[in-house]
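Order of appearance sets the numbers: ligands from 1, and atoms from 1 within every ligand. Every heavy atom of this structure was used, including side-chain atoms; hydrogens, water molecules and symmetry mates were not. This one's a predicted model, so the numbers in the text were calculated from it and none came from an experiment.
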Amino acid sequence: MFSIHPRHFAFDLDCFFVAVERAQDPSLNGKLVVVGAAPGQRGVIACASYEARAFGLKAGMPLAQARRLCPQAIFLQGHFDRYLEVSRDFMAILQEYSPFIQPMGLDEAYLDMTGFESLYGPPAEVAMRIKARVRNELKVTVSVGIASSKVTAKVASDACKPDGLLEVPPGGDAAFLAPRPIEELPGVGEKTLPTMRRLSIHTIGNLAATDPVVLRCVFGKWGDILHLSANGIEHSPITEAPAAQKSISRETTFPHDTHDIPFIKSTLRYLAERVGAELRREEMRARHVVLKLRWDDFTTLTRHHTFRQPADTDEAIYDSGLALLLKELSKDPRQVRLIGIGVGGLTPRERQLALMESPTERYQRLALALDSIRDKYGYTAIQRGLTFALKEEFPEEHGRYLLATAALSR
Ligand code: TTP
Ligand code: MG
């Protein structure tokens with residue numbers, strides 16, 4: 001028998017707002033970049049690049065002071081919509097790996113992966129895969145800490161920034177935390193720090209060794225939590241499964257506006273297969289399909305089709321999406337800028353009691369077989385002829401196509 005060790009992952013995107021700006025404008029790489037407000041405007045720093053942090057710039061600092069300290073920095077107003085989009089896509093990736101997710105703001109989340117080893121392999125390996133997906137799909141980097149408690153995982157993810165991965169082995173939490181400065185412990189901020197100093201608590205180990213009765217006297221109930229945290233003991237497990245998902249969708253903006261029907265069809269097929277794969281992974285069926293199109297003038301439309309019976313095959317999703325697409329393309333000469341396909345009205349998949357295997361069931365078995373091959377070897381390991389056209393348009397990496405914009409959205 002083997003025992004199951006708690007494995008909590010803490011994810012935190014590196015230098016989030018600046019990273020998103022750099023993904024859009026690579027000429028900002030390596031430069032002193034501050035996201036706060038446009039030149040001449042008042043406000044505080046939201047995010048300073050690591051290069052700018054070396055000059056003492058940090059989040060919360062008034063921009064006027066930042067300009068004095070570092071006049072050569074590039075000050076950007078930022079694109080909050082885009083940060084929200086990346087954040088949503090980031091959480092969507094994490095959610096694919098465990099339903100036990102606890103988002104902490106836009107760029108940070110805990111994931112409970114306890115007991116998932118038989119499914120994904122060693123925790124550090126799945127962390128590497130998630131890091132690669134975030135890099136490829138979102139063009140930003142994420143640091144990951146893995147440990148038996150969320151607090152230790154968080155300290156580990158901060159300690160390995162940027163683009164790091166640090167796993168504290170099961171049972172190693174207290175020893176990992178002990179020598180680290182007390183201010184690295186989440187919850188110990190500018191307010192608590194002077195009190196800690198008065199109590200001669202300088203390292204997390206000092207806090208762990210302090211009598212909890214003393215801590216309770218000084219910090220009240222919070223003292224107990226601090227004591228458990230310092231010892232690397234979990235006090236608030238991630239037990240909340242997110243509310244049932246109501247829809248699954250994938251969309252992408254084309255590298256250039258197009259009315260090339262075979263190419264649009266291939267892209268639709270690819271997106272439909274990705275939607276189908278997720279639908280089956282969630283063990284759900286869908287009642288309807290939604291097609292989304294954005295024309296070159298940015299007008300957007302959605303069209304729905306309801307299945308006679310809930311479906312989960314790529315064929316059902318694609319065929320309905322295609323019918324809706326061809327109808328629109330035949331009557332509208334505009335170029336397509338974006339295409340998306342989604343499914344809704346999700347209902348759990350239950351076993352059917354049919355005595356004879358219907359064509360639908362054969363498709364279902366085929367889809368499940370394809371999914372398991374792709375889970376192992378990537379999307380491009382096995383393809384239908386129709387999506388081959390994508391090879392010429394989109395680069396391929398780690399067994400999937402890199403679409404011009406993230407193909408992940410819900
Ligand atoms: P953080 O994760 O605290 O910082 P960061 O991602 O910029 O850098 P790090 O690599 O150290 O994680 O915050 C995430 C984003 O939240 C940050 O990019 C901008 C925004 N933010 C603010 O708008 N105001 C703030 O005071 C802070 C701390 C962050
Ligand atoms: Mg961050």
Side-chain angles (χ1 to χ4, degrees), residues 8-26 28-38 41-67 69-70 73-94 101-111 127 130-131 133-135 137-147 150-166 180-181 183-193 406:
H8 289 112
F9 286 39
F11 293 89
D12 190 325
L13 296 175
D14 303 315
C15 210
F16 180 39
F17 289 4
V18 167
V20 174
E21 295 300 327
R22 284 175 167 167
Q24 300 199 127
D25 177 4
L28 297 171
N29 286 334
K31 296 202 177 132
L32 300 160
V33 182
V34 171
V35 173
Q41 282 183 320
R42 290 185 305 170
V44 295
I45 296 181
C47 179
S49 68
Y50 291 136
E51 295 82 354
R53 289 181 203 185
F55 285 76
L57 272 56
K58 58 178 185 187
M61 177 186 278
L63 285 165
Q65 187 185 352
R67 287 202 183 88
L69 276 174
C70 198
I74 301 167
F75 290 84
L76 304 171
Q77 193 163 15
H79 299 85
F80 205 77
D81 288 358
R82 183 72 194 126
Y83 308 148
L84 284 181
E85 231 172 74
V86 174
S87 168
R88 201 188 52 190
D89 292 347
F90 169 55
M91 299 298 172
I93 292 178
L94 299 186
I101 178 173
Q102 187 178 352
M104 308 286 288
L106 286 182
D107 81 328
E108 211 182 310
Y110 294 110
L111 209 60
I130 296 175
K131 279 169 67 66
R133 282 194 58 189
V134 168
R135 188 181 312 111
E137 293 172 29
L138 310 179
K139 314 288 178 225
V140 298
T141 58
V142 64
S143 295
V144 191
I146 308 172
K150 283 193 279 176
V151 158
T152 316
K154 174 68 191 152
V155 174
S157 82
D158 285 343
C160 69
K161 271 182 173 294
D163 201 10
L165 166 60
L166 180 56
R180 310 200 70 92
E183 53 270 38
E184 287 190 10
L185 193 71
V188 177
E190 278 169 25
K191 272 200 192 141
T192 4
L193 204 52

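Neither the backbone nor the side chain of Glu108 has any atom closer than 4.0 Å to an atom of ligand 1 (non-hydrogen atoms only).
Two residues are said to be in side-chain contact when any heavy atoms from C-beta on lie closer than 4.5 Å; Val144 and Phe9 meet this criterion. Contact annotation: the side chain of Ser49 approaches that of Arg22 to within less than 4.5 Å [non-hydrogen atoms, C-beta and beyond].
A perpendicular orientation is assigned to the rings of Phe90 and Phe11, their planes being inclined by more than 60° (bins at 30° and 60°).
In this structure a side-chain-to-backbone donor-acceptor pair under 3.5 Å is present from Lys131 to Gly164. When atom types are taken as modelled, the side chain of Arg180 and the backbone of Leu185 share no donor-acceptor pair closer than 3.5 angstrom.
Between the CZ atom of Arg67 and the CG atom of Leu57 there is a distance of 10.5 Å, given to the nearest 0.5 Å. Going from atom CD of Glu51 over to atom SG of Cys70 covers 10.5 Å, rounded to the nearest 0.5 Å.
With waters neither drawn nor counted, the protein N/O/S atoms under 2.8 Å from the Mg ion (ligand 2) amount to 3.
Summary of contacts: the protein heavy atom closest to atom 8 (O) of ligand 1 is Arg53 NH2, 2.9 Å. For atom 1 (P) of ligand 1, the closest non-hydrogen atom of the protein is Asp107 OD2, 4.0 Å. Phe17 N, 3.1 Å is the protein heavy atom nearest to atom 18 (O) of ligand 1. In this structure, atom 22 (C) of ligand 1 lies nearest to the protein heavy atom Ala46 O, 3.5 Å. Among all protein heavy atoms, the one lying closest to atom 10 (O) of ligand 1 is Tyr50 OH, 2.4 Å.
Using a non-hydrogen distance threshold of 4.0 Å, Cys15 registers as a contact of ligand 1.
Taking any N or O of Leu13, backbone or side chain, at least one lies under 3.5 Å from an N or O belonging to ligand 1. Taking any N or O of Ile45, backbone or side chain, none lies under 3.5 Å from an N or O belonging to ligand 1. For ligand 1, one of its N or O atoms has an N or O atom of Phe16 under 3.5 Å away. Between Asp14 and ligand 1, no pair of N/O atoms sits closer than 3.5 Å.
Salt bridge Arg82/Glu85: present, at least one basic N to carboxylate O contact under 4.0 Å.
Enclosure of atom CD in Glu190 is not indicated, since only 12 or fewer non-hydrogen atoms of other residues, nucleotides or ligands lie within 6.0 angstrom.
Proximity of atom 3 (O) of ligand 1 to the protein is not indicated, since no non-hydrogen protein atom lies closer than 4.0 angstrom.
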Please walk me through it: do Phe16 and Val86 pass side-chain contact (heavy atoms from CB on, under 4.5 Å)?
-> CA-CA 9 Å; Phe16 180 39; Val86 174; 3.8 Å; yes
Could you check Asp14 against Ser143 for side chain to side chain donor-acceptor pair (under 3.5 Å), going step by step and ending with a plain yes or no?
-> CA-CA 7 Å; Asp14 303 315; Ser143 295; 2.7 Å; yes
Can you check side-chain contact (heavy atoms from CB on, under 4.5 Å) on Asp107 and Val140, steps first, answer last?
-> CA-CA 11 Å; Asp107 81 328; Val140 298; over 6 Å; no
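Across Val18, Ile74, Ile45, a single residue satisfies side-chain contact (heavy atoms from CB on, under 4.5 Å) together with Val34, and that is Ile45.
Counting the atoms of ligand 1 from 1 in the order shown, those under 4.0 Å from a heavy atom of Asp12 are 2 (O), 12 (O). Using a 4.0 Å cut-off to heavy atoms of Ala59, the atoms of ligand 1 that qualify are 25 (C), 26 (O), 27 (C), 28 (C).
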